[in-house]
Structures are given as C-alpha cells and as structure tokens.
Amino acid sequence: MPNELKKSLLITLDFPPRLGGVATYYHSVCKNLPADKIVVLAPKQEGAESFDQAQNFTIIRKKMLGQFPEVWPKSLGGIIKIISRIKWLSIIRHLASVAKTHKIEIIQAGQILPLGTLAWLFWRRKKIPYIFYAHGLDITLPQRFMRKKTLLKKIIVNAKGMVANSYFTKDELVKLGADSKKIIVVYPCPNLELQQVSETETAKIINDYGLKNKKILLTVGRLVERKGHDLTIKSLPKIIKQVPNVVYLIVGSGPREKYLKDLTVQSGLSEHVQFIGAVDQKKLAALYQVCDAFIMPSRQLANGDVEGFGIVYLEANLFGKPAIGGKSGGVPEAIVDGKTGLLVDPNSVNEIALAAIKLLTDPAYAERLGLQGLERVSNEFNWFSQTAKIKSLLN
C-alpha cells in the first residue's frame with residue numbers, strides 16, 4: 001500500500017520514566033502510533049523495567065547511549081573532548097543490529113545533536129532515511145560554534161523530514177537551510193490526566209503551604225535563567241503594594257535554585273515566595289488547581305537559550321487558569337495575548353508586575369482568559385491530531 005506507515009526506530013536520550021516535557025512529548029507520540037510500527041531505543045535508567053513492561057510497544061534500553069551527556073559543556077574545547085570520546089562505530093554497529101532485527105525502515109532522532117549526527121552517519125552507511133525533532137534551544141544554542149553549526153546544516157539538508165515544536169523553531173531551521181516543505185509543526189499537548197484532582201488534594205496543598213486567603217502566582221519549570229523566575233521575584237514588591245496577600249510558588253529544581261533563594265532573602269520576600277521543588281503529577285495538578293494565575297516570563301538569552309514553546313502555559317489553561325508569558329521564542333504560540341493570557345516584555349519588571357496585578361485584582365477577567373484557554377487547549381491541542389502530522393512523514 002502506498003500510504004502504509006513505515007516501521008520506525010525512535011532514538012532518544014529523554015524518555016520516561018525520566019521526568020520532563022521532552023520525555024513526555026516522545027512518549028505521547030509513541031502511544032499514538034501503531035504499536036507494531038514503532039520501536040524506541042533509550043538509555044537505561046532507574047525504574048525503566050517496570051515502565052517498559054506497561055507499554056504496548058517495544059522499548060530497548062542500552063547503556064551505551066549514556067555516552068551522550070544530557071547537558072553539553074559551554075566551551076568548544078569541552079564539546080570536542082566529549083565527541084572524541086564517543087565510540088561512534090560501536091554505536092552505529094549496534095544501531096544496525098537493532099534496525100535489522102526489527103526491520104526498521106526509517107529513523108527518528110529525538111535530539112538533532114548528538115543523535116541527529118548518529119542518524120546522519122547511519123544514513124550514509126546504510127541508506128536508511130531519518131527525521132529529527134527540534135525543540136528550540138537545541139537549534140539556537142549550537143550556532144555559537146562554527147563546527148556545530150556546520151554539522152547542524154548537514155543533518156538538516158539530508159533529513160527526510162523535520163518535526164518542530166513551534167513555528168518559531170521551524171523558522172530557525174529554515175534559517176539554517178531547511179526546506180520549509182519538509183518541516184511539520186507538532187505542538188506539545190498537555191496531559192489530560194492532570195485534570196483529575198480531588199478536593200482533598202487541593203485542601204492539603206492549601207493547608208501544607210499556608211495558602212488560605214492568599215492570591216497565588218505559580219511557576220512550573222526548571223530553575224534556569226531563561227524562565228524568568230528572577231524578574232518575577234523582582235516584580236513582587238510592586239505587586240505586593242496592590243495585592244499584599246500574594247504568594248509566589250516556584251515548582252521545579254535546577255542550577256539557579258541557590259541564586260533565586262538568595263535573591264528572595266536579600267529582597268525581604270521570604271514570606272511571599274515558596275520553593276516547592278520537584279513534584280509528582282498528582283501534586284502538580286493540585287498546585288495548578290489552587291493558583292490564581294500562572295506566570296513564566298521566559299526570555300531569550302544572549303547565548304541563544306530560548307523557550308521553544310512552553311507546554312506549562314497550556315497545562316495552566318487546562319485548569320482554567322490564565323497564563324503570563326514573555327514575548328520571546330515560541331511563547332506567543334502557546335499564549336494568545338488577551339485571550340488565554342497576557343504577553344509581556346520579559347525583561348521589564350514593570351510589565352510583569354502590571355500583568356500580575358491585573359489578573360490578581362480582576363478575577364472576572366482572569367476567569368474569562370482561563371476558560372478561553374481551556375476551550376482552546378481542548379479543541380486544538382490533543383495528541384491524536386498532532387501525531388497524525390508525524391504519520392505523514394513516516395509514510
């Protein structure tokens with residue numbers, strides 16, 4: 001049959017049970033492909049055996065993928081040092097064995113670097129075509145280094161197709177020489193199971209964190225510079241003047257945690273900021289439920305670090321909550337300004353404060369934006385329709 005789906009192998013460094021938006025993205029894609037047409041090759045990790053047994057598709061775990069770091073060094077020398085240590089030939093041989101055993105017809109590379117390099121080398125050796133996924137910063141960050149930029153272009157030009165998480169990311173690929181006709185945009189979709197939260201769970205959150213009669217701002221994400229936690233904290237003094245009972249909840253962990261905690265103390269805001277840390281899905285749902293507004297004014301950094309989309313904005317909308325985001329990267333595709341939330345200059349403490357004050361002091365307006373966001377998420381962001389686009393590349 002001319003339109004029959006080809007059997008594909010997804011190679012990825014991010015896959016459950018590891019937490020994170022990218023891991024969830026790939027798991028959702030796989031769940032919506034025919035089980036006999038997808039095989040996953042992912043690193044070994046704690047809890048993987050029980051997770052894998054619960055899936056209806058094949059997952060192969062290999063320690064050798066651990067040669068690829070989750071976070072690459074910032075220096076060119078550090079990057080070259082890691083690349084030189086990777087046993088490319090042994091990995092390609094193993095990939096060939098997997099492809100032969102499972103009759104793989106096309107490769108899906110979860111990360112353009114380094115796995116796109118692997119897919120490209122394998123295509124040159126075995127002539128099995130490949131597609132790859134792009135999420136934003138994985139395209140913008142490497143461009144600081146000529147060697148990596150050159151490699152990006154080779155991977156892009158020879159790919160059968162590309163999957164971008166936003167039109168912002170698609171535009172970045174086109175700037176590197178990609179044929180726009182070979183790129184599809186597949187938005188991340190929120191987990192509908194998040195909505196299942198009981199009154200008991202929300203009551204526990206309110207009691208545990210002293211949130212009774214408080215106005216609650218919430219951020220969910222890794223504690224990294226681009227997310228804008230710092231400027232949200234700096235905007236709090238102005239917000240407090242209008243909303244003295246405001247509390248800012250920060251969910252997640254990351255390298256900026258100490259800096260943000262120190263900033264909070266130095267600003268005299270310890271009574272208004274709480275660091276929740278990493279949470280499970282059940283607790284996350286309760287936190288979305290109790291907040292009044294979601295806020296994450298992401299900004300693009302000088303080194304190219306950028307928010308490619310931002311599924312957390314949609315998760316907030318899923319609970320009928322309005323979202324505040326920065327006018328950068330793919331965020332304007334996640335938030336419809338004035339309809340599902342508010343977009344601000346992510347470098348302006350004043351704009352961030354005014355947006356938060358508007359939503360916290362005008363509950364009718366906040367509710368309208370939140371409900372319009374819920375309607376949009378329900379109608380436009382579901383994995384069944386989004387994965388249908390990927391199937392067109394795998395025909």
Side-chain angles (χ1 to χ4, degrees), residues 1-18 20-45 48-62 64-65 91-112 115-135 155 158-165 181-189 191-193 381-395:
M1 293 176 61
N3 291 322
E4 184 177 357
L5 207 64
K6 294 182 186 247
K7 189 170 185 178
S8 64
L9 173 67
L10 169 65
I11 315 171
T12 177
L13 302 178
D14 290 298
F15 206 74
R18 176 174 291 154
V22 174
T24 302
Y25 183 100
Y26 293 139
H27 183 222
S28 299
V29 168
C30 293
K31 286 194 299 183
N32 285 278
L33 292 174
D36 62 337
K37 294 296 185 180
I38 181 67
V39 176
V40 176
L41 180 60
K44 286 185 177 180
Q45 55 184 292
E49 186 174 350
S50 58
F51 172 85
D52 295 353
Q53 289 174 353
Q55 311 308 308
N56 67 344
F57 53 88
T58 301
I59 302 175
I60 302 168
R61 301 281 180 174
K62 284 297 172 185
M64 65 173 58
L65 287 181
I91 295 176
I92 290 174
R93 284 172 178 166
H94 177 72
L95 184 56
S97 174
V98 171
K100 183 177 181 180
T101 301
H102 294 275
K103 297 181 171 59
I104 299 301
E105 300 170 281
I106 187 168
I107 302 292
Q108 299 187 56
Q111 291 78 21
I112 186 168
L115 298 183
T117 307
L118 178 60
W120 172 62
L121 292 172
F122 191 67
W123 166 76
R124 291 185 63 185
R125 186 182 179 95
K126 296 292 184 180
K127 300 305 176 187
I128 293 181
Y130 64 91
I131 68 171
F132 67 82
Y133 293 81
H135 299 277
I155 296 167
N158 290 290
K160 178 182 183 290
M162 291 150 274
V163 182
N165 70 338
K181 295 177 183 177
K182 294 169 69 175
I183 308 171
I184 60 170
V185 174
V186 175
Y187 288 122
C189 302
N191 181 4
L192 295 177
E193 295 174 3
F381 295 90
N382 64 82
W383 277 114
F384 180 80
S385 60
Q386 293 294 327
T387 308
K389 303 175 190 176
I390 297 176
K391 289 178 181 178
S392 68
L393 288 184
L394 302 178
N395 283 338

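Heavy-atom basis, side chains included; hydrogens, waters and symmetry copies ignored.
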Nearest-0.5 Å distance that lies between atom CD in Glu49 and atom NZ in Lys44: 10.0 Å
Reported CH2-to-OH distance for the pair Trp383 and Tyr25, which is rounded to 0.5 angstrom: 5.0 Å
Criterion side-chain contact (heavy atoms from CB on, under 4.5 Å) on Thr387 and Val186, from CA distance to verdict: CA-CA 7 Å; Thr387 308; Val186 175; 6.0 Å; no
Stepwise side-chain contact (heavy atoms from CB on, under 4.5 Å) check, Val163 with Val29: CA-CA 12 Å; Val163 182; Val29 168; over 6 Å; no
From CA spacing to verdict: ring pair (Phe, Tyr, Trp, His ring centres under 6.0 Å), Phe15, Tyr26: CA-CA 7 Å; Phe15 206 74; Tyr26 293 139; 7.5 Å; no
Considering all heavy atoms, the nearest Cys189-Gln386 contact: SG-CG, 3.5 Å
Gln108 side chain to Ile38 backbone, donor-acceptor under 3.5 Å: no
Straight-line distance of Ile107 CD1 to Trp120 CH2, nearest 0.5 Å: 16.0 Å
Nearest non-hydrogen partners of Phe57 and Ala35, listed with the distance: CB-O, 3.9 Å
Heavy atoms of other groups near Gln55 CD, more than 12 under 6.0 Å: yes
N/O donor-acceptor pair under 3.5 Å between Ser392 side chain and Lys389 backbone: yes
Value rounded to 0.5 Å, distance of CD1 in Ile390 from SG in Cys30: 9.0 Å
Flag, side chain of Lys160 to backbone of Leu393, donor-acceptor distance under 3.5 Å: yes
Nearest non-hydrogen partners of Lys6 and Ile106, listed with the distance: CB-CG2, 4.2 Å
Pairwise side-chain contact, Leu33 with Leu394, heavy-atom cut-off 4.5 Å (strictly under): yes
Between Asp14 and Gln111: side-chain donor-acceptor atoms closer than 3.5 Å: yes
Candidate list Thr101, Asp52, Val40, Val39, test side chain to side chain contact (heavy atoms under 4.5 Å, CB included), partner Ile60, passing option: Val39
Verdict with supporting geometry, Leu95 and Leu9, side-chain contact (heavy atoms from CB on, under 4.5 Å): CA-CA 10 Å; Leu95 184 56; Leu9 173 67; 3.3 Å; yes
Test side-chain contact (heavy atoms from CB on, under 4.5 Å) applied to Thr12 and Tyr133, step by step: CA-CA 10 Å; Thr12 177; Tyr133 293 81; over 6 Å; no
Contact summary for Ala23 and Pro16, nearest pair of heavy atoms: O-CD, 3.3 Å
Geometric cation-pi criterion, Lys126 with Trp123: 6.0 Å, 45°: no
Lys127, NZ atom: more than 12 neighbouring heavy atoms under 6.0 Å: yes
Between CG on residue Asn56 and CG on residue Asp36, distance to nearest 0.5 Å: 9.5 Å
Any donor-acceptor pair under 3.5 Å from Lys7 side chain to His102 backbone: yes
Arg61 side chain vs Ala42 backbone, donor-acceptor pair below 3.5 Å: no
Gap separating the CD1 atom of Ile131 from the CG atom of Leu10, nearest 0.5 angstrom: 8.5 Å
Side-chain donor/acceptor of Lys391 to backbone N/O of Leu5, under 3.5 Å: no
Donor-acceptor contact below 3.5 Å, side chain Tyr130 vs main chain Ile155: yes
